[in-house]
There are 4 protein chains.
Amino acid sequence: MNKQETILQSAIRMFTEKGVDKTTISDIVKDAGVAQGTFYLYYPSKLSLMPAIAEVMVKATLDEVITAVDPAVSLRTQLAQFVDAIFRVSRDHHEIQAMIYAGLASSEHLREWESVYAPVYEWVSRLIETGREHGDFRTDSSPDQLAKLIIALTESAAEQIYLYDVETDQENRAAIQKEETVKFLAYALGLPADD
Amino acid sequence: MNKQETILQSAIRMFTEKGVDKTTISDIVKDAGVAQGTFYLYYPSKLSLMPAIAEVMVKATLDEVITAVDPAVSLRTQLAQFVDAIFRVSRDHHEIQAMIYAGLASSEHLREWESVYAPVYEWVSRLIETGREHGDFRTDSSPDQLAKLIIALTESAAEQIYLYDVETDQENRAAIQKEETVKFLAYALGLPADD
Amino acid sequence: MNKQETILQSAIRMFTEKGVDKTTISDIVKDAGVAQGTFYLYYPSKLSLMPAIAEVMVKATLDEVITAVDPAVSLRTQLAQFVDAIFRVSRDHHEIQAMIYAGLASSEHLREWESVYAPVYEWVSRLIETGREHGDFRTDSSPDQLAKLIIALTESAAEQIYLYDVETDQENRAAIQKEETVKFLAYALGLPADD
Amino acid sequence: MNKQETILQSAIRMFTEKGVDKTTISDIVKDAGVAQGTFYLYYPSKLSLMPAIAEVMVKATLDEVITAVDPAVSLRTQLAQFVDAIFRVSRDHHEIQAMIYAGLASSEHLREWESVYAPVYEWVSRLIETGREHGDFRTDSSPDQLAKLIIALTESAAEQIYLYDVETDQENRAAIQKEETVKFLAYALGLPADD
DNA sequence: TATGAATGAGCGTTCATTCAT
DNA sequence: CATGAATGAACGCTCATTCAT
């Protein structure tokens, strides 16, 4: 792994452990085992790491989703698998997600965000199109629009559980929230219940 | 307005204008017209302002919602009014919302967040209960659960429009997103279409 | 002496001892016995000290000149006293003079320089005007023009001796250079020799 | 042009463009199109370039003077041509001159300065000697002494115009200053007016 | 209560210098 | 000879925090 990659990995680790604001470049380079100046060979500032990190996160999300969702099962089950995957990503990376939401917001790298996140939208869009070919889902909204709202709902539902530090009974609350989210989505999409 | 309140208002203004990280206590006290030391009479640190700010925001949200939603009209219309209100709050205060999401996350004041936000959840919960008394909404989920997801979806949908700087055609995209969100919610809640 | 004045004095001392470039703000505040941050309460940067230092230098120059020149003696003698004073200032402060010449040049504070130095030009101008009232000095150049060249010549002659580190026989070479400068000036100004 | 020479030329260009302090070795090697390490094959530090640069400058000055001054014309005119040449050099290279004056001063390479500048002194000295053979110039000062003061006056007069950024009406003020300088010199040297 | 001058630890950043290739 | 990635000491500067008034 080259030094640029090492720095990026260390940045993700440090941001996750202590938050973006409280992470110093000194923390990152110490963790990465490189000199202070080496950081600046690859990134002009701390915030300029954000797009690269977002990219890593999106890739991780997409990988998780693709691995988790089995195209052979019913759409309702696929939806459950999707929700499960998003909740898992949120649980494992909620610090980074908070960082992306607000950290990116305060940087000048926001423009890049939409394009970085595009693959996830596209994946969900295609899921809907495929479903429609089998006669599933309501058809009075475009796949792109539905994809946006599906993702908005699912990530936001996951964050309600994982973004905040209240860890009491977390997995139990997560299970309920997941089940409710799937049901909510099924209704919202006009998906008939499994029989 | 006493000095504590003045400081809080200045903090909100400064945070909104230049972001939380880039706002210094010096900025706040200058804007408030008080001395540097006075800040510390009321708040031990910059982050300790967060719960108070969150409270103000939640109150603003609730006021907006209560004002906008007319209990006399159809539930579908009330839903549309609710979505409209949330989008408006997001448009006007997206900086603060990003701040609350991630700014709070990095502080030690997170515990207070849930209790601060509770009134909004309760308001939506009561909306559902009232609807049920008239035979509306599906009943296979608890009002509290539905409230959570309604809020999650609506705020997240609004943020997709307003959190990012792409201001091209913003209000047009917002109109479409609002309409789709209402439709999505109506399906998700088992609400019959207006007739 | 207040802290601002203390910092200024320390800056002059440090600049004189080790040169402007090699003097760090840390050097200055250590010498002044104040905290690092205190510096920035009064000066936004190292270069912003320059106009203040220039002012001190000009005042020192003017004091030296006014003290040294006796209006009661012949103009030729007054000229010698003036040259003597300028050489003395150069000897004692040549580091600062080099600093002002080039240090100011690299800053954005250059505009202020002319106004700061104005009193010296004016003093020499008045010397010429007074001389003319007694029928001395050639009259085919304006006092202001002559003042500029008198100062240019005298300071530059002094710097040839003192700006560079060659200290061998310095005072002897200075004596010769002073005498020649006075003679040069006397001719240049159309001043008759003492009789 | 070999790499050593390329580096020197780039250093002069960079120093002129952005000042000595703000020019980094990285700037120089980038401009020169050589690697960072190559610099150190030829110069041990940034300041060690100074004597070489001074030499180039002095050569440029001498070339300008020799080209400009026509030995066939009257001494008064030659003086005007000389003043003109010095003003031109100052206008085109005032950044480097400031650099040499104070930049050299802060280095350990000062000893070399006098010897580097010697050819200019000698040229002026010879001008005076030649003039004397024709019965011109006063003879109560040595040519070497006069040369020093002539150069001191002329360069300093030029700097009063060009060292500072006030560019309003610069060429007009330069013309007046040049004329006055020639007149001043003519008197100072006991040179009869052209007839 | 209220002030604001003073603090100083610690930050991001620069850049002259080295050395394995 | 030439390279340029890597170094890390040292810099200017910020700003939350304190405390004598």
Side-chain angles (χ1 to χ4, degrees), chain A residues 2-4 6-7 11 20-30 32-49, chain B residues 2-4 6-7 11 14 20-30 32-49, chain C residues 2-4 6-7 21-30 32-49, chain D residues 2-4 6-7 11 14 20-30 32-49:
Chain A
N2 62 19
K3 285 186 195 292
Q4 173 161 20
T6 307
I7 288 168
V20 179
D21 289 4
K22 285 184 182 157
T23 297
T24 66
I25 290 176
S26 171
D27 291 331
I28 296 170
V29 296
K30 252 174 230 150
V34 301
Q36 193 84 356
T38 305
F39 181 91
Y40 293 91
L41 290 177
Y42 301 108
Y43 300 99
S45 73
K46 194 167 71 175
L47 285 178
S48 67
L49 282 160
Chain B
N2 61 20
K3 286 187 195 294
Q4 173 160 19
T6 306
I7 289 168
M14 289 294 103
V20 179
D21 288 6
K22 284 180 182 159
T23 296
T24 66
I25 290 178
S26 169
D27 291 331
I28 296 170
V29 297
K30 254 177 226 146
V34 301
Q36 195 85 354
T38 306
F39 182 91
Y40 292 90
L41 294 176
Y42 300 109
Y43 301 99
S45 72
K46 191 166 73 175
L47 286 177
S48 68
L49 282 161
Chain C
N2 62 19
K3 286 185 194 291
Q4 173 160 21
T6 307
I7 288 167
D21 289 4
K22 284 184 181 157
T23 297
T24 66
I25 289 176
S26 172
D27 291 331
I28 296 170
V29 296
K30 252 175 229 148
V34 301
Q36 193 83 358
T38 305
F39 181 91
Y40 294 92
L41 291 179
Y42 300 109
Y43 301 99
S45 72
K46 193 167 71 174
L47 286 177
S48 67
L49 282 160
Chain D
N2 61 19
K3 286 188 195 295
Q4 174 160 20
T6 306
I7 288 168
M14 290 293 103
V20 179
D21 288 5
K22 284 181 182 161
T23 297
T24 66
I25 290 178
S26 169
D27 290 330
I28 297 170
V29 297
K30 252 176 228 149
V34 301
Q36 195 83 354
T38 306
F39 182 91
Y40 293 91
L41 294 175
Y42 300 109
Y43 300 99
S45 74
K46 191 167 73 175
L47 285 177
S48 67
L49 283 160

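So that the names make sense, note that chain A is the first sequence line, chain B the second, and so on, each numbered from 1. The figures here come from the full heavy-atom set of this structure, side chains too, leaving out hydrogens, waters and symmetry mates.
A distance of 12.0 Å separates NZ in A/K22 from CG in A/D27, rounded to the nearest 0.5 Å. Note that CD of B/Q36 and NZ of B/K30 are 8.0 Å apart. Values are rounded to the nearest 0.5 Å.
Partners of C/Y42 under the ring-ring contact (aromatic ring centres under 6.0 Å, His included) rule, at least two apart in sequence or in another chain, do not exist in this structure.
Rounded to whole Å, the distance from OH on C/Y43 to P on E/dA6 is 13 Å. The nearest whole Å value for the distance from the CG atom in C/L47 to the P atom in F/dC13 is 9 Å. C/K3 places its NZ atom 18 Å from the P atom of E/dG4, with the value rounded to the nearest Å. Residue D/I7 contributes atom CD1, which lies 11 Å from atom C1' of F/dA2 at whole-angstrom precision.
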### Message
Test side-chain contact (heavy atoms from CB on, under 4.5 Å) on D/I28 and D/T23; report intermediate values, then the result.
### Response
CA-CA 7 Å; D/I28 297 170; D/T23 297; 3.7 Å; yes
### Query
Hey, mind stepping through A/I25 and A/Y40 against side-chain contact (heavy atoms from CB on, under 4.5 Å) and telling me if it holds?
CA-CA 10 Å; A/I25 290 176; A/Y40 293 91; 3.2 Å; yes
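Side-chain nitrogen and oxygen atoms of C/Y42 include none within less than 4.0 Å of the OP1 or OP2 phosphate oxygen of E/dA5.
Minimum heavy-atom separation, D/S45 to D/S48: O-OG, 2.6 Å.
For the pair C/D27 and A/A35, both in contact range of DNA chain F, the more 5′-proximal nearest nucleotide belongs to A/A35.
Using modelled atom types, one side-chain atom of B/T6 and one backbone atom of B/N2 make a donor-acceptor pair closer than 3.5 Å.
Looking at D/I7 and D/F39, their side chains come closer than 4.5 Å, going by heavy atoms from C-beta outward.
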### Query
Dot-bracket for DNA chain E, 5' to 3', counting Watson-Crick or G-U wobble pairs under 3.5 Å, with [ ] for crossing pairs and | for inter-strand pairs?
.||||||||||||||||||||
### Query
How does protein contact run along nucleotides 15-21 of chain F, one letter per nucleotide 5' to 3', with B for base contact, S for sugar-phosphate only, - for none, heavy atoms under 4.0 Å?
SSBB---
